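To keep things clear, I will list the structure first and then write my remarks on it.
Reminder, nothing fancy here: chain letters follow the sequence lines and each chain counts from 1. Below, each value reflects all heavy atoms present in this structure, side chains not excepted, and no hydrogens, waters or symmetry copies. Just so it is clear, the model here is predicted, and its values are computed rather than measured.
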Amino acid sequence: MSQNEAGKPRVRFAPSPTGKLHLGGARTAIFNWAFARATGGTFVLRIEDTDPTRSTEENEGIILRAMRWLGLDWDEGPEVGGPYGPYRQSERYDFYDELIERLLAEGKAYYCFCSPEQLEADRKAAQERKDPFQGYQRRCRNIDPAEAARRAASGEPCVVRLKVPDGRGDVVVRDLIHGDVVFNAKELDDFVIRRTDGTPTYNFVVVADDIAMKMTHIIRGDDHVSNTPRQVLVYEALGAPTPIFAHVPMILGPDGKKLSKRHGATSVEEWRDDGYESEALVNCLALLSWSLDDKTTIIPREVLGREFSLERVSKNPAVFDPKKLLWMNGEYLQAKSDEEFAREVLEPSLVAAGLEERGCVDARPEWFSLLAQILKPRTKLAPEAAGLARFLYGELPEMDGKAERKGLGNERARPSLKAAKAALLGLESWEGDAIDAALEPLPDELGIKKRDFYQAIRVAETGSLASPPLGPSLQLLGKDRALKRLDASLEIAG
RNA sequence: GGCCCGUUCGUCUAGAGGCCUAGGACAUCGCCCUCUCAAGGCGGAGAUCGCCGGUUCGAAUCCGGCACGGGCUACCA
């Protein structure tokens, strides 16, 4: 097996730039990255852009951005270079051509002049006579090479097929997750490696590149297992050692079908744009078909990059659960310090909602620190923060109709508000604890249930039946506004 | 059709012959805390380990068959 200078693994993530990074692809990328980091190996990013219709520079940018956001840094690849570039397949056509010519010359591949119609007819016929083998019938396999070359040179449309060696018995795929998977070479087609238009096919280029880039382990989705024996044949034809494979199970939607658009957000940029923490997404995705041990669920990227092992990847496909992601996102938010929470969650959210300007945290660090304290345990997703903090903005709160009725539309409201106003008016220290202390004896004095008393105050101050604790909330509001809000509600209270 | 893969609570998983009367997490339910909403703490319910046979003193774990699901079988990647 080929290895890098240090004898360490070399792995790659090889997406085709189709416009977004799917969760399945992201998870494959995560496993490759984590494996490389955990083993001290090399993580290569290669762009498989042999399909010119979908592959644009813009789409490639999307992938690179998503990878960076996920925190999956690559050692070799676009923009960072490396000793085995270029790392874009569209820039390697000459290389592939050279290899194909070599296989042709060595008799390991041959020209095929069959038309699509011919192929289709053959397939139908095989079906009709119930032939278990419905692949290519090898019509052109025995054309004299010299003559075939002449016809090809003369411009006759043709493809190049890889010749499955006669007598090649079982093809064994060594797979770290599935164990040895055995295929009978007789089931394998002489498959196309170069199309009529001269472009090489995926099953060929992927191997050509993996050899050239000295990959030691191929970690990819389960949907590739059936193609692997074909690729093994390419390794052999090219005279290269076969790498070790690790086919990871697919990710499914809630209905058990392969994850796709109709399951909702399936690309990492959608989750990013919804405000999820990249580390939470990585953690959640890593836990699909992989586990650290029997109980750990919170696994920061850094730990993943230290502890990941292919031995602990399971064989079962996994259903992606957005609820778990949301919970995990909350866990990562809780783990932030108040300052981080203020800067990374509060400020962006409030700015996006038009409630604050950039730089607000720097301008009022203490205020934001308090806000972070009370909002952190209530925030599962960054953008929610603005909604929770909205009541702090504007002179008077946006009054919720139902809250107004329940909180202010009864005979307890008025005395509660008046008493609160009186108690707060004379307060010297406008600080959460002091505010709480001032309000605390009032319900008893008034003979009103705590619940009713605080509900009236809460609605008056926040316009809502649910809010963070009143003490710190009023502190954040400031004395003037807090009193003004009580006054305003006294006007409408029964 | 052929070939390949997979099958443990609703979901993610632990489990590599006795530690399993199957453990953890999410979701769910209840209780506690409490001025609301969260957070937190405690607890409950939830899996005849796809089915049927076999091996064994003993099987979720090993073997075989079946069922179901998925993948591949392209001049897509």
Give the nucleotide from the list [options] with an atom nearest to the side chain of [X].
| X | options | result |
| --- | --- | --- |
| K380(A) | U11(B), C75(B), A39(B) | A39(B) |
| F183(A) | C3(B), A74(B), A77(B) | C3(B) |
| Y202(A) | A77(B), G71(B), C26(B) | A77(B) |
| L288(A) | A27(B), C12(B), C5(B) | C12(B) |
| E48(A) | A39(B), A77(B), C75(B) | A77(B) |
| R195(A) | G6(B), C35(B), A77(B) | A77(B) |
| V225(A) | C3(B), C35(B), C4(B) | C4(B) |
| S226(A) | U13(B), U36(B), C72(B) | C72(B) |
| A466(A) | C26(B), U36(B), C35(B) | U36(B) |
| S289(A) | U13(B), A77(B), C37(B) | U13(B) |

Spacing of I298(A) atom CD1 relative to U13(B) atom C1', expressed in whole Å: 14 Å
Separation of K402(A) atom NZ from C37(B) atom P, in whole Å? 11 Å
Pick the nucleotide of RNA chain B nearest each of V319(A) and L470(A); which residue has the one closer to the 5' end? V319(A)
Which sits closer to the 5' end of RNA chain B, E187(A) or C158(A), going by the nucleotide each is nearest to? E187(A)
Taking atom [atom1] in both [N] and [M], compute the distance separating them and give it to the nearest angstrom.
| N | M | atom1 | value |
| --- | --- | --- | --- |
| A45(B) | G40(B) | P | 22 Å |
| C9(B) | A22(B) | P | 14 Å |
| U21(B) | C31(B) | P | 33 Å |
| G10(B) | C29(B) | C1' | 14 Å |
| C49(B) | U7(B) | P | 15 Å |
| A27(B) | C72(B) | C1' | 35 Å |
| A77(B) | A25(B) | P | 46 Å |
| C20(B) | C57(B) | P | 23 Å |

Could you check which nucleotide pairs with [N] in any of the strands shown, counting Watson-Crick or G-U wobble with both distances under 3.5 Å?
| N | value |
| --- | --- |
| C31(B) | G41(B) |
| G50(B) | C66(B) |
| A60(B) | none |
| C3(B) | G71(B) |
| U55(B) | none |
| A22(B) | none |

Phosphate OP1/OP2 of [N] contacted by [X] side-chain N/O (<4.0 Å):
| X | N | answer |
| --- | --- | --- |
| R458(A) | U34(B) | no |
| S291(A) | A14(B) | yes |
| K450(A) | C35(B) | yes |
| N316(A) | U7(B) | yes |
| N184(A) | C3(B) | no |
| K295(A) | A25(B) | no |
| T201(A) | A77(B) | no |
| R230(A) | A74(B) | no |
| H224(A) | C72(B) | no |

Please state whether the base of C35(B) and the side chain of R451(A) form at least one donor-acceptor pair under 3.5 Å? no
Could you tell me whether the side chain of T196(A) has a donor or acceptor atom within less than 3.5 Å of a complementary atom in the base of C75(B)? yes
Going by distance alone, is a donor N or O of one side chain under 3.5 Å from an acceptor N or O of the other, for [X] and [Y]?
| X | Y | value |
| --- | --- | --- |
| R195(A) | T199(A) | yes |
| Y96(A) | D209(A) | yes |
| D190(A) | Y110(A) | yes |
| T28(A) | R220(A) | no |
| S473(A) | R458(A) | no |

With a 4.0 Å cut-off on heavy atoms, is [X] in touch with a base, just the backbone sugar-phosphate, or nothing at all?
| X | result |
| --- | --- |
| M328(A) | nothing |
| R312(A) | sugar-phosphate |
| P469(A) | base |
| N227(A) | base |
| V159(A) | base |
| V206(A) | nothing |

Ionic contact status for D321(A) with K323(A), cut-off 4.0 Å: no
Salt bridge flag under 4.0 Å for residues R46(A) and D210(A): yes
Answer yes or no as to whether G71(B) has its base stacked against H247(A), where stacking requires a ring-centre separation under 5.5 angstrom and planes under 30 degrees apart. no
Should R194(A) and E101(A) be marked as a salt bridge (Lys or Arg N to Asp or Glu O under 4.0 Å) after you check the CA-CA gap, both sets of side-chain angles, and the distance that decides it? CA-CA 10 Å; R194(A) 186 166 71 192; E101(A) 290 303 328; 3.3 Å; yes
The single option from E279(A), E344(A), E331(A) passing salt bridge (charged side-chain N to carboxylate O under 4.0 Å, His left out) against K336(A): E344(A)
